[in-house]
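Naming: A, B, ... by sequence-line order, numbering from 1 per chain.
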Number of protein chains: 2
Amino acid sequence: MEIYTIRDVARKAGVAVSTVSRVLNGRPDVSEETRKKVMDVVEKCGFVQNRNARFLKHAKEPFAAIIVRGRRNMFLNDVAEQMIECAQGLKTPFLVKYIDEEADEFEAMRQLYADRRAGGFILLGSRVDERCEMVRALGVPCVFATVDASGSGLENASSVCIDDRAATRAMMDRLLDKGHTRVAVLGGCREGDDIFAHRYQGAMDSLRAHGIDYDPDEYVQTRFSLKGAYESIERIFEKRQDITAVLTMSDSMAIGVVRALRDRGLRVPQDVSVTGFDGTEMAGYYVPSIATVSQPTAEIARESVALLCEMLEGGEPRHVTVDFTMMEGESIAEAIR
Amino acid sequence: MEIYTIRDVARKAGVAVSTVSRVLNGRPDVSEETRKKVMDVVEKCGFVQNRNARFLKHAKEPFAAIIVRGRRNMFLNDVAEQMIECAQGLKTPFLVKYIDEEADEFEAMRQLYADRRAGGFILLGSRVDERCEMVRALGVPCVFATVDASGSGLENASSVCIDDRAATRAMMDRLLDKGHTRVAVLGGCREGDDIFAHRYQGAMDSLRAHGIDYDPDEYVQTRFSLKGAYESIERIFEKRQDITAVLTMSDSMAIGVVRALRDRGLRVPQDVSVTGFDGTEMAGYYVPSIATVSQPTAEIARESVALLCEMLEGGEPRHVTVDFTMMEGESIAEAIR
DNA sequence: AGGCATTCTGTAAACGTTTCCAATATCCGA
DNA sequence: TCGGATATTGGAAACGTTTACAGAATGCCT
């Protein structure tokens with residue numbers, strides 16, 4: 001396929017390049033006749049603008065970037081998707097930047113900034129601490145989504161999240177109220193993951209309030225993902241065989257756990273209860289359906305975009321907490337053992 | 001954060017811009033002393049190259065793009081991920097372009113071509129027919145991954161896939177050999193989806209070979225996704241309640257089906273058998289685990305990259321078929337009704 | 001000391017846009 | 001008929017790189 005430049009189009013249409021540019025950008029000061037003439041040529045030869053040249057020229061045009069690390073976390077991907085929907089038609093265009101789990105996030109953001117002066121970022125997922133320095137260095141408005149950044153002390157960061165601690169406490173309460181006392185916790189305190197840390201606190205809050213003596217060494221595992229959860233159960237059972245419930249910090253982990261239990265000949269929920277977190281679609285489709293904490297993805301998405309826009313217009317950063325919903329599921333039952 | 005240009009760096013380091021450029025691009029013709037001086041400044045002020053300017057300049061540098069539509073299809077996302085792994089360290093850099101399900105793919109490819117002269121594409125997923133015209137118009141080497149494009153007549157397209165028809169036939173054979181005769185088919189002949197069309201043919205091959213009289217109107221549904229499959233079961237059961245097996249064309253569909261059956265009080269596999277397709281991680285973690293056809297993602301990824309490279313170096317297009325593996329699963333049992 | 005390689009560095013012209021500014025054409029009222 | 005306002009259009013200078021090409025410095029050999 002031939003590549004035409006704006007110059008070629010100008011020549012073919014018998015006008016100046018500046019005129020073609022004006023037509024392409026929908027400027028009002030072009031006569032209808034000229035516009036038509038130019039568009040005809042554009043159509044005919046399938047001209048496509050070169051965005052490198054375009055962005056090189058006016059990198060000033062403000063825009064915002066949504067950073068998503070990893071394609072595995074369906075929950076975060078869903079939130080990101082809803083963010084772009086929310087951002088449709090706003091004055092500042094939003095774009096999503098997917099980066100690898102292991103990629104250098106700072107590098108990616110600096111590149112976005114260098115290339116196009118990204119005016120603001122929405123960062124999904126945890127690890128506020130790690131990201132603080134970066135956000136401070138960039139000095140651009142940022143919104144942490146799904147994690148509380150109110151304690152970060154950053155001047156340029158808002159955040160929106162549920163009360164993870166309270167949610168996990170509520171979930172643990174549910175298990176304990178059903179008579180469970182030996183509850184494994186999966187995902188707790190994973191290194192550098194502040195969301196999981198908050199959730200872990202919540203679980204501990206509940207155990208403490210119920211006066212349960214708890215030895216983390218015996219009950220807590222910190223791996224994640226389907227496979228990680230599966231293997232965690234194997235490890236837990238090396239130490240204790242009398243577990244009657246497993247509280248996990250994501251729906252995938254819960255699924256890994258159910259499979260692992262089932263492979264050990266245990267039934268869920270008759271023998272062991274299991275809980276998830278996030279309220280993903282799969283939690284409802286799994287058999288048994290997973291009791292979970294549903295995060296209001298649409299609201300988180302909407303709030304994140306709104307908070308960023310506020311800051312872009314000079315507003316102060318704010319930290320918003322949205323409500324979660326406890327979802328019933330077939331994966332929980334009364335403790336019988 | 002301040003934005004520095006290569007010019008600023010040159011000034012601060014007391015050298016010419018061309019020297020900085022050479023250092024940045026690792027050219028050999030720079031003295032060690034100068035290189036160090038420049039790098040110090042780069043480090044100190046956190047200079048980041050502007051890629052727009054870079055790519056604007058030498059758009060000639062050949063590269064290849066992997067196009068992935070939609071983030072929902074985990075199977076395709078996995079394959080894409082493995083492709084980039086395969087492509088690490090090759091002379092031609094590969095990049096992945098994620099586009100929305102509904103987005104204009106042609107537009108995206110033309111943009112890639114206009115911006116950087118993409119020298120080749122790998123297209124994942126079905127819809128060869130729709131894409132033919134586009135591939136022809138672009139005239140750039142393309143590889144269709146996971147779908148057979150040998151019948152397209154394109155001069156510039158290779159393809160790599162399993163024999164979908166044979167795989168589905170084998171799967172249906174398994175069901176029929178277990179005594180099932182009333183088998184619903186989900187995903188069959190979805191409009192414009194050639195992969196599903198091939199699989200549908202395979203299912204019909206098997207039914208025919210087993211001499212089973214089959215009325216598609218009663219047994220076949222063409223929606224997909226978790227939710228679509230769930231609803232398809234509801235529709236099927238409006239017509240027939242005596243189904244003993246459901247053959248689906250993806251693992252997600254199988255999961256939606258199991259959930260739907262279970263919600264009707266039917267057990268899988270005791271009352272109804274269910275089969276999936278693709279061999280995704282979730283199929284193995286589901287309870288019951290889903291009997292499925294495992295596609296060799298690594299091999300498909302590797303072959304796709306290899307085929308594209310071949311064509312980039314002037315080779316003829318080829319159409320490669322790779323082997324699938326039938327995966328056992330708890331979701332199948334003998335027909336008893 | 002002069003000539004010639006051998007390194008290294010600087011100048012300037014691209015790449016394809018956008019946009020400021022000036023130039024031209026058109027129209028209106030006096 | 002003219003002055004001036006108003007619509008259009010064109011010319012040319014950026015934007016931040018890369019890369020020929022030419023130039024300067026150094027070292028070595030005669």
| task | Treat primed atoms plus P, OP1 and OP2 as sugar-phosphate and everything else as base, then score nucleotides 16-21 of chain D 5' to 3': B for base contact with protein heavy atoms under 4.0 Å, S for sugar-phosphate contact only, - for none. | result | BBBB--
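The number of heavy-atom neighbours closer than 6.0 Å to CD of E107(A), taken from other residues, nucleotides and ligands shown, is above 12.
A donor-acceptor pair under 3.5 Å is absent between the side-chain atoms of E155(B) and the main chain of R136(B), judged by distance alone. Of the possible polar contacts, one joining the D8(A) side chain to the T5(A) backbone as a donor-acceptor pair under 3.5 Å is found.
The shortest non-hydrogen separation linking I84(A) to I66(A) is N-CD1, 4.3 Å. Here the closest heavy-atom approach between residue A145(A) and residue M83(A) is recorded as CB-CE, 3.7 Å. Taking each heavy atom of L90(A) and C309(A) in turn, the nearest pair found is CD2-SG, 3.6 Å.
Only S31(A), T34(A), listed by number, bring a heavy atom of residues 31-40 of chain A to less than 4.0 angstrom from any atom of DNA chain D.
Legend: side chain to side chain donor-acceptor pair (under 3.5 Å) pairs involving residues 84-104 of chain B, not counting sequence neighbours, sorted by first then second residue: R71(A)-Y98(B).
Relative to the ring axis of F144(A), R131(A) does not place its NZ or CZ within 45° and under 6.0 Å from the centre.
Note: CG (D29(A)) to P (dT26(C)) measures 17 Å, nearest angstrom.
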